[in-house]
There are 2 protein chains.
Amino acid sequence: MPDTQDLDRRKAAILEAVVTEYIGTAQPVGSHHVARAAGINVSSATIRSEMVALEREGYLVQPHTSAGRVPTDKGYRFFVDQLAEPGVLGPAQRHKVSRFFEQVHGEMEELLERTSGLLSDLTSYASVVVPPSHDAAVVRSVQLVGLGARVALLVAVLADGAVEKRAIELPEEVPDEVLAVASGRLQAAAQGHPLGSVHIAEPSGDAAVDRVVSLAESALGDLAGEAHDRIFVGGPSRLAAAFDAVDTVRAVLATLEQQLVVVSLLRDVLERGLSVAIGTEHGYEPLSACAVVVAPVSVDGQLGGAVGLVGPTRMNYPQALAAARVVGEQLGDRLRATLDAGSSARPVRETRPRRRARGRR
Amino acid sequence: MPDTQDLDRRKAAILEAVVTEYIGTAQPVGSHHVARAAGINVSSATIRSEMVALEREGYLVQPHTSAGRVPTDKGYRFFVDQLAEPGVLGPAQRHKVSRFFEQVHGEMEELLERTSGLLSDLTSYASVVVPPSHDAAVVRSVQLVGLGARVALLVAVLADGAVEKRAIELPEEVPDEVLAVASGRLQAAAQGHPLGSVHIAEPSGDAAVDRVVSLAESALGDLAGEAHDRIFVGGPSRLAAAFDAVDTVRAVLATLEQQLVVVSLLRDVLERGLSVAIGTEHGYEPLSACAVVVAPVSVDGQLGGAVGLVGPTRMNYPQALAAARVVGEQLGDRLRATLDAGSSARPVRETRPRRRARGRR
DNA sequence: CTTGGCACTCGGTAAAATCGAGTGCCAGAG
DNA sequence: CTCTGGCACTCGATTTTACCGAGTGCCAAG
């Protein structure tokens, strides 16, 4: 157990015991239980006085006088930052993950959907997968398809298996022939280039075509810049199992339904350099009963996407962190592997570099 | 109030009163409350004896002696079939629907996603949208994109704004050039034809190409035959509000996560000619506390899709039925409107035919 | 057949009693 | 000064008891 900064060794050990026990039982933890815990060799009386201190410092609370202690958000935070063992997946879980990524193939949307299912399965918490932007993905094909009189659909197929589409509102009625020409010009300009760096060379001479092309070009830019327009939520029913107050369940589910909120939540957390947001740390009131574990999904160092887990604050942090990290990494690798497949020179597939990101906080 | 087949007028009126009251209050209904209800002009004593009969016949139950009565599934069923007023949407809701369908545009997936949100908003129940098959939709474009060494992605863009994709496992490594040729042949054979009736004319002479094409063709057939591969669930958090037992919530959510189950549930219900399945009528045990309201989404008479609502058995059936029907119809109309847009001759857009399907049961 | 009256039931709520895990404090030992 | 065992005390959870009243079934009179 490492020496810690704001808590002496014994207090830390006690805090750890309380958190561990509480995570397991969901019952307030009394001094006796702590005394019985491994690595604690003092009497319950001593522990009591230490607990008073821990409570004064904000790491623990009593639900009421003469009850055991429960960790506060601050308590969990200390646990996560200073105490928790790095956490590894069990062999069964590890196997599940590797088999999953061996076996899954091809299409992006399905990959992401199933990844979120995997993550939720591994941990029994609700999971969220936010795909990275397609900025660097090579365009295989772009086309415009007319829908209504003044609506066209822009469809881009990327080398990583993603198919992105966006409806474009046309300012005027555009004949199919014009769309076809515009589509061709787009295709010529985009194919083989990363989505983020598509530029149309020069005007065609036909004003109508050019208007459409420029609209489509900016839509393409949107596709590149924005995150994928969809997030993937896995196992929401796990939430119902994790909380017993039906109100809490409702509030959390309602929040997860708002994709934008979830995306910015994860982004915020990552930007603050955290991998866990506990209780109110993220500032989203309806999720104050939850902890959110986040791991980045980076493709070639370019971060963008994220995977997340949402559970009660008394979640199994080591396991959740391990699962999120592993799945995030693997997903990133997977996306990178297919990113530029199909560009003229197929790159050598190196044996996956196991960059073991082991840095706390 | 119509004369009924198995229940005399008065019993029916009493049953109706019980159901209505119970739907509103979720409390067992006593004879006094019924006596006070509109249209009932007998004393509570009379009602009591009638209720005994209704209970013997299985329309009502007492949670315990000396409590009021609660409708059974059979009771709800009678209510829905014989008693409930047709049910209309309020002007505000009606307005919401029409504004929604005016304003939404273009892309299929978003349309469906938002439709399920709409339905859930209108009713405060969880909603399900199962899109119809694309059988009749005209193909605008088909292509094959190479992903991994032996995986290709088949992408079809349909005139109705849908983009369907499917990964194809190739039996052997296929060079990009072959894929391109195959892609071209597919495109030539499919473009302008309904997805369901694409046939490749004749072999190309190149065996490798032909193998790929035939794989792709059968994949295309799958896309046409199967329902859309995704269903859209709206407002699952509403379920948490509708039930107070957290276990029930979990079970129902878990069921809704299994897309296949939901699809066949809706299909079963529709095939039996019902628009409501109450409690155990559908045979899916975890949903025995729920009622499921279903309305077909038919495009040009060709049925296929469905919209559904999932709520507690004590749901507001008239309103739910009305909402599901209207949204189902409108969605069908919308899909039909764009179905063949873009085929050589754009059809005249008739003012939407308000075929008012008013047939009970 | 209907109805008012009446005795009876029984779940839900409230008040009272009990239990026990857990606390804070303290005096004595190390 | 720290640790520990002992002890009185607290207070939520659980059980017990009491009570209320909505609601029932039955019946005799209209």
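These numbers come from the heavy atoms of this one structure, side chains and all, not from hydrogens, waters or symmetry mates. Keep in mind the model is a prediction, meaning the values are calculated, not measured. Naming convention: chains lettered A, B, ... in sequence-line order (proteins, then strands); numbering from 1 in each chain.
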A.B. asks: Rounded to the nearest angstrom, tell me the gap between atom CD in B:Q27 and atom C1' in D:dA22.
C.D. replies: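 Value for this atom pair: 12 Å.
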A.B. asks: Would you indicate which nucleotide in C:dG4, D:dC11, D:dG23 comes nearest to any side-chain atom of B:S43?
C.D. replies: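 Selected nucleotide (nearest to the side chain): C:dG4.
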A.B. asks: What nucleotide among C:dT23, D:dG25, D:dT10 has an atom nearest to a side-chain atom of B:Q62?
C.D. replies: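 My answer, after comparing the listed nucleotides, is D:dG25.
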A.B. asks: Would the base of D:dT24 count as contacting B:S66 through its side chain, where contact means a donor and an acceptor less than 3.5 Å apart?
C.D. replies: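 No such pair is found, so the answer is no.
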A.B. asks: Take the protein atom CG of B:L54 and the nucleotide atom P of D:dG25, then report the distance between them rounded to whole Å.
C.D. replies: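 Roughly 12 Å, once rounded to whole Å.
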A.B. asks: Between B:M51 (CE) and D:dA22 (P), how many Å, whole number?
C.D. replies: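 About 16 Å, once rounded to whole Å.
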A.B. asks: Is any side-chain heavy atom of A:L60 less than 4.5 Å from a side-chain heavy atom of A:M51?
C.D. replies: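 Result yes, sub-4.5 Å side-chain heavy-atom pair found.
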A.B. asks: May I have the distance from B:I40 (atom CD1) to C:dT3 (atom P), rounded to whole angstrom?
C.D. replies: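 Taking CD1 of B:I40 and P of C:dT3, I get 12 Å after rounding.
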A.B. asks: Grab the NE2-C1' distance between A:H64 and D:dT14 for me, whole Å please.
C.D. replies: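 About 13 Å, once rounded to whole Å.
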A.B. asks: Taking atom CG of A:D8 and atom CD of A:E50, what is their separation to the nearest 0.5 Å?
C.D. replies: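 The CG atom of A:D8 sits 6.0 Å away from the CD atom of A:E50.
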A.B. asks: When we call it a touch if two heavy atoms are under 4.0 Å apart, what does B:A45 touch: a base, just sugar-phosphate, or nothing?
C.D. replies: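 Base contact - B:A45 has a heavy atom under 4.0 Å of at least one base atom.
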A.B. asks: A:H33 side chain N/O closer than 4.0 Å to the phosphate oxygens (OP1, OP2) of C:dA21?
C.D. replies: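 Negative; the distance criterion is not met.
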A.B. asks: Can you confirm whether B:Y125 sits close enough to B:N316 that some side-chain heavy atom of one is under 4.5 Å from a side-chain heavy atom of the other?
C.D. replies: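 A side-chain contact exists here, since the closest heavy-atom pair is under 4.5 Å.
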A.B. asks: Quickly work out the B:H32 NE2 to D:dG25 P distance and round it to whole Å.
C.D. replies: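 So the NE2-P distance, B:H32 to D:dG25, works out to 13 Å.
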A.B. asks: Please give, in whole Å, the distance from D:dT4 C1' to A:E50 CD?
C.D. replies: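 These atoms are roughly 14 Å apart.
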A.B. asks: State whether the distance check finds a donor on one side and an acceptor on the other, under 3.5 Å, for side chain B:T65 versus base C:dT9.
C.D. replies: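 Under the 3.5 Å cut-off, the side chain and the base do not form any donor-acceptor pair.
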A.B. asks: Within the pair A:R69 and C:dT23, is there a side-chain N or O less than 4.0 Å away from OP1 or OP2?
C.D. replies: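 So the side-chain polar atoms of A:R69 do come within 4.0 Å of the phosphate oxygens OP1 or OP2 of C:dT23, strictly under.
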A.B. asks: In whole Å, what is the span from the CD atom of A:E21 to the P atom of C:dA21?
C.D. replies: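 From A:E21 CD to C:dA21 P: 14 Å.
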A.B. asks: Nearest 0.5 Å please: distance from the CG atom of A:L265 over to the CG atom of A:L287.
C.D. replies: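 Reported value, rounded in 0.5 Å steps: 6.5 Å.
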A.B. asks: Any chance you could measure A:L54, atom CG, to A:F78, atom CZ, to the nearest 0.5 Å?
C.D. replies: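 One finds 9.0 Å between CG of A:L54 and CZ of A:F78.
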A.B. asks: Can you work out whether B:R10 or A:R48 has the more 5'-proximal nearest nucleotide on DNA chain C?
C.D. replies: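 This one resolves to B:R10.
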A.B. asks: Which of the following nucleotides, D:dT24, C:dT23, D:dC3, is nearest to the side chain of A:T46?
C.D. replies: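 Of D:dT24, C:dT23, D:dC3, D:dC3 is nearest to the side chain of A:T46.
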